[in-house]
Amino acid sequence: MRQEDAAVFEGAVEAIKDEGRYRVFADIKREKGRFPHARLRLPDGSEKPIVVWCSNDYLGQGQHPEVIAALHAAVEDVGAGSGGTRNISGTTSYHVDLEAELAQLHGKESALLFTSGYVSNEATLSTLAKLFPDLWIFSDELNHASMIEGIRRAKCEKRVFRHNDLQSLESLLTEAPPGAPKLIAFESVYSMDGDTAPIADICDLAEKYGAMTYLDEVHGVGLYGQGGGGVAERDGIMHRVDFIEGTLAKAFGVMGGYVTGPRAAIDAIRSTAPGFIFTTSLAPSIAAAALESVRLVRRCPHMRDRLAERAAKLKAMFKAAGLPVMESSTTHIVPLLVGDAARCKRISDALLYDHGVYVQPINFPTVPRGTERLRFTPSPFHDDALMEALVAAVQAVWTREDLVASAA
């Protein structure tokens, strides 16, 4: 590599460091059966016990003994890998049964598995534009990067509406020719702010202007609705949404993504999406674990009730301690606004190394500069004692940061 080429890479990293948002990955090991407890490996090779407060394994399903047993049983049955893409040799009964379960979860005719939620969004949205060459896509400004990338790759007419702003959306919908195919893409739970979309109102506009709807439920599936179908199920409107996309890596605790919808549409995506056709399928053991997890979550609404109670309690405790909980949050996500990348990293490091509290700083490009935050995700297994210790630790570090800033 030429010296000047190496300098480009070094300069890119230095720019991130100068902003205070250079990320050093924490080397942690979750403790099987003791979620949210884990161990942090330190530079000298020793390990420090910590409590994880920022996991997207919202229900601790990645540690559920029945989920783990299903994974082990599949490994013993068929081995480790899938052997290829779904089109060649990578389809097993585990994949087929999981897709049927997910379609049923969302009240749809069909479902299609992908290797991640990112891929399911990117591949589906970009493929829809191939199927509809004159498609117009209307996207919420806070949509996930995977949706933005899928829409960018679609190379079709696109319009970005202000977050959850129905007037902004309708104004943009009027720009499209009446006969043009249209798609509104949005999320149910926006994971950085913790707010939800007005799904029913968006569906009203979609019906008025003849648009399809594409709903990302990755932070809602498993956590809302009687059967865990997400915010759309909770609101009684799953049937009004054309496509519901989700993940197996959050509430279900495993990995993978999927999209559900009309049988003909899902078949067309299956047959034409490069992100599906040319990718080795999920390992059968992963599909088996995910299937068991989905079934468990569907029949256990008490887990969703417990999660909601834990999140509400932590918000109340933070507020009582005078900590800046973001008022936008109406869900299980509990963000504390910091507003500065370097300060956010310092607070995160102090919590981890001084108090054994693991919560990662959230900064650009995940959120806009100046809105950096700590994003806490309490689970049903974060008990009162853990919450009390957390609030005391955050309060102590926050106070110290304020004192240092005042002295400067």
Side-chain angles (χ1 to χ4, degrees), residues 19-26 28 36-38 40 50-58 142 144 163-164 187 189-196 219-220 223 250 307-406 408:
E19 286 188 47
R21 60 183 182 91
Y22 180 74
R23 193 172 290 276
V24 177
F25 295 145
I28 68 172
H37 296 277
L40 170 71
I50 61 171
V51 177
V52 178
W53 279 99
C54 57
S55 175
N56 284 341
D57 187 357
Y58 293 129
L142 293 189
H144 189 264
H163 178 53
N164 282 347
E187 300 184 39
V189 177
Y190 289 86
S191 63
M192 293 301 118
D193 286 13
D195 59 340
T196 59
H219 291 277
L223 307 178
K250 294 182 171 58
L307 177 69
E309 183 274 329
R310 292 285 82 190
K313 178 155 189 171
L314 183 59
K315 289 175 189 176
M317 292 174 71
F318 275 155
K319 289 178 180 178
L323 294 165
V325 179
M326 294 178 64
E327 294 299 327
S328 59
S329 179
T330 57
T331 62
H332 59 283
I333 294 162
V334 185
L336 291 184
L337 182 63
V338 179
D340 176 81
R343 176 182 165 94
C344 200
K345 180 69 165 59
R346 287 196 305 271
I347 293 173
S348 173
D349 286 347
L351 287 171
L352 179 60
Y353 294 107
D354 298 343
H355 299 274
V357 169
Y358 181 53
V359 58
Q360 282 287 283
I362 305 295
N363 49 37
F364 181 83
T366 306
V367 296
R369 290 182 175 88
T371 68
E372 292 82 3
R373 66 203 65 178
L374 298 174
R375 176 183 175 273
F376 295 86
T377 53
S379 77
F381 303 99
H382 288 87
D383 60 24
D384 286 356
L386 290 177
M387 286 192 175
E388 289 165 5
L390 169 68
V391 173
V394 175
Q395 198 170 27
V397 173
W398 214 281
T399 299
R400 187 175 70 193
E401 274 290 317
D402 287 343
L403 290 173
V404 170
S406 297

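These numbers come from the heavy atoms of this one structure, side chains and all, not from hydrogens, waters or symmetry mates. Note that the coordinates shown come from a computational prediction; the quantities given were computed from them, not determined experimentally.
- For residues 388-397, no pair satisfies salt bridge (Lys or Arg N to Asp or Glu O under 4.0 Å), with sequence neighbours left out.
- Residue pairs meeting the salt bridge (Lys or Arg N to Asp or Glu O under 4.0 Å) criterion with at least one partner in residues 376-385, sequence neighbours excluded, are Arg310-Asp384, Lys313-Asp384.
- More than 12 heavy atoms of other residues, nucleotides or ligands lie within 6.0 Å of CZ in Phe381, so this atom counts as buried by the packing criterion.
- Partners of His37 by ring pair (Phe, Tyr, Trp, His ring centres under 6.0 Å), not counting sequence neighbours: none found.
- Residues passing the side chain to side chain donor-acceptor pair (under 3.5 Å) test with Thr377: none are found, sequence neighbours excluded.
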Please test Val394 against Ile347 for side-chain contact (heavy atoms from CB on, under 4.5 Å), starting from the C-alpha separation and ending with a verdict.
CA-CA 8 Å; Val394 175; Ile347 293 173; 5.8 Å; no

Is there a side-chain contact (heavy atoms from CB on, under 4.5 Å) between Trp53 and Leu374? Walk through the geometry before answering.
CA-CA 10 Å; Trp53 279 99; Leu374 298 174; over 6 Å; no

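- For Ala316, there are no side-chain contact (heavy atoms from CB on, under 4.5 Å) partners, not counting sequence neighbours.
- Ser348 contributes no side-chain N or O that, together with a main-chain N or O of Cys344, makes up a donor-acceptor pair within less than 3.5 Å.
- Residues satisfying the salt bridge (Lys or Arg N to Asp or Glu O under 4.0 Å) test with Asp193, not counting sequence neighbours, are Arg373.
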Worked check of side-chain contact (heavy atoms from CB on, under 4.5 Å) between Val51 and His382
CA-CA 9 Å; Val51 177; His382 288 87; 4.2 Å; yes

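- Between Pro378 and Leu307, the shortest heavy-atom distance links the atoms O-CD1, 3.0 Å.
- In this structure, the side chains of Ser191 and His144 stay at 4.5 Å or more apart for every pair of heavy atoms.
- Taking every heavy atom of both residues into account, Lys345 and Tyr22 meet most closely at CE-O, 3.6 Å.
- For the pair Trp398 and Pro324, the tightest heavy-atom approach, listed with the atom from each and the gap, is CZ2-CG, 3.5 Å.
- Annotation: side-chain contact (heavy atoms from CB on, under 4.5 Å) contacts of Asn164 (sequence neighbours excluded): Asp140, Tyr190, Asp195, Ala197, Pro198.
- Atom CD of Gln395 and atom CG of Leu390 lie 11.0 Å apart (nearest 0.5 Å).
- How far CG of Leu323 is from NZ of Lys315: 15.0 Å, rounded to the nearest 0.5 Å.
- With His332 contributing its side chain and Gly220 its backbone, the two residues share no donor-acceptor pair below 3.5 Å.
- Residues passing the side-chain contact (heavy atoms from CB on, under 4.5 Å) test with Asp57, sequence neighbours excluded: Arg30, Ser55, Gln61.
- Remark: Thr331 engages Val189, Thr196, Tyr224, Ser329, Ile333 in a side-chain contact (heavy atoms from CB on, under 4.5 Å) (not counting sequence neighbours).
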Using residues 350-369 as the side-chain source, report each donor-acceptor pair under 3.5 Å to any protein atom, sequence neighbours left out, with the distance given to one decimal.
unit_1	atom_1	unit_2	atom_2	d
Asp354	OD2	Arg400	NH2	3.4
Gln360	OE1	Arg23	NH1	2.6
Arg369	NE	Glu19	OE1	2.9
Arg369	NH2	Glu19	OE1	3.4
Arg369	NH2	Glu19	OE2	3.1

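- Partners of Arg346 under the side chain to side chain donor-acceptor pair (under 3.5 Å) rule, at least two apart in sequence or in another chain, are Glu401.
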